[in-house]
A.B. asks: 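I am attaching a structure below and will ask some questions about it afterwards.
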2 protein chains.
Amino acid sequence: MSHAQRLRQRIEDEIVSGDLAPGSRLDESQLAARFGVSRTPIREALLQLAATGLVQTKPRRGAIVTASEPHLLLAMFETMAEIEAACGRLAARRLAAADAAALTAALDGCRAALATTDTEAYYAENYVFHAAIYRASHNAFLADQALSLHRRLAPYRRLQLRVRQRLPQSMAEHEGIVAALLAGEETKAADALRSHVLVQGDRFTDLIAGLRAPSAA
Amino acid sequence: MSHAQRLRQRIEDEIVSGDLAPGSRLDESQLAARFGVSRTPIREALLQLAATGLVQTKPRRGAIVTASEPHLLLAMFETMAEIEAACGRLAARRLAAADAAALTAALDGCRAALATTDTEAYYAENYVFHAAIYRASHNAFLADQALSLHRRLAPYRRLQLRVRQRLPQSMAEHEGIVAALLAGEETKAADALRSHVLVQGDRFTDLIAGLRAPSAA
DNA sequence: CTTTGTCAATCTGTATGCATATTCCCCTGG
DNA sequence: CCAGGGGAATATGCATACAGATTGACAAAG
């Protein structure tokens, strides 16, 4: 793999993990010095990230980590909900034995993480769970789109850690989703997934709005 | 706007319009000479196109216009169907007067184009019609995703020109979709849009498969 | 004291140069 | 006549150089 691709992954990871917060300036020379390469591969990495929406570039004014407005964030979560619902619909129709096994395993992982009350661990397992659903759709393109959007929303997921009592509810919803998938109930699975993601979106946008308003005042 | 951005649009247009066929090699030096710039902005344009999936790059082996396998093409159309269904669901719920006007106007445009039996004109109006639905979802992000995927599938839409008797059927489906949207029937609108796009996907993949098999033999 | 204009420093965008990997062709051997 | 290997040509990927734009500060005027 080329330097540019490696750098793209590393920078993307730093954004997704929250090391680079939304709104951060991404100075090309600075990044080049930090990674020990010239500006060229850095530029190429940033351009690719810009194409996926993770960073924004203004002409002659460099790149920043995309800081989405609350209303756009809500739109992104709504889109995520619809895409996940679509994955659920297709997964319920096409579920293979291997998919069922992966889903129940992921569910067990969530349950175990919930028991430890380790929030970070739960979100790691949550990622595995949702990725399993994407894969179970047996539509590689849709699964890619879902994963990509999931990653793009990741910087804001960290904020959810502050919401109380969301985890047990999330777990219960997961159980319902898996039950519908295993039963092959397309509509039920789709609806359950849609509302599962939508409620997250609502909480997030509430949080964001609440965080922004005071700082603006 | 920078050279790279202009070039990205121009190259994208040439791909979408079919001037650059799927599978075509995109030689950096050649493109640089053709557009009268150095290789750098060409590279940046190609990288951005690669990030959106319109072109594919292999390390040290340059870029080609993405030539999707039939099964991936089917997956893309299936995804398009689900995304359009989601747009329809939201549009039916949120339809404003301006949206309704835009939809009926687009419908009239399709009808007029159909009457002239000008296939290209119909597809232009078809684009306007679908874009109106995307916008009516009142979700800017989802609408962007839909438009982006629509463009990505455009190179293959041209092939549909060969399918007979698709236009009148498409028109009838459009009428049904608008009726459901105006009536605010979410599920009906979503289902109508999903099958409207899915049948296109089926036809396309049939075509592709039919075109590929003889050439491979 | 505030505001505006100018200048300097800095950073982006593009061009060019160079090293290396790949590919294609030709030559040699069987 | 065909297959395999080696070398040259070519194209990519990265580094460096340069021009133009933006930003920030500082000074001067109101």
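Every heavy atom of this structure was used, including side-chain atoms; hydrogens, water molecules and symmetry mates were not. Letters A, B, ... mirror the listed sequences (proteins, then strands); counts begin at 1. All of these numbers come straight from a predicted model, not from anything done at the bench.
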A.B. asks: Would you find a donor on one side and an acceptor on the other, under 3.5 Å apart, between the side chain of B/T104 and the backbone of B/A100?
C.D. replies: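 Yes; judged by distance alone, with no hydrogens or angles, the pair exists.
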
A.B. asks: What does the B/S/- profile of nucleotides 6-16 of chain D look like, 5' to 3', with a 4.0 Å heavy-atom cutoff to protein?
C.D. replies: -----SBBSBB

A.B. asks: Can you tell me if B/Y156 uses its side chain to pair, donor with acceptor, with the backbone of B/S68 under 3.5 Å?
C.D. replies: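 Between the backbone of B/S68 and the side chain of B/Y156 there is a qualifying donor-acceptor contact (under 3.5 Å).
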
A.B. asks: Okay, side chain of A/T79, backbone of A/A75: is any donor-acceptor separation there less than 3.5 Å?
C.D. replies: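 Flag set: sc A/T79 to bb A/A75 pair under 3.5 Å.
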
A.B. asks: Quick check on A/R94: does its CZ atom have over 12 non-hydrogen neighbours (other residues, nucleotides or ligands) under 6.0 Å away?
C.D. replies: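 Yes, because the 6.0 Å sphere around CZ of A/R94 holds more than 12 heavy atoms from other groups.
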
A.B. asks: Can you establish whether the number of heavy atoms outside A/H138 located under 6.0 Å from its atom NE2 is more than 12?
C.D. replies: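 Check passes, neighbour count above 12.
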
A.B. asks: From CD1 of A/I42 over to P of C/dT14, roughly how many Å is that when rounded to an integer?
C.D. replies: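 Going from A/I42 (CD1) to C/dT14 (P), I get 18 Å.
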
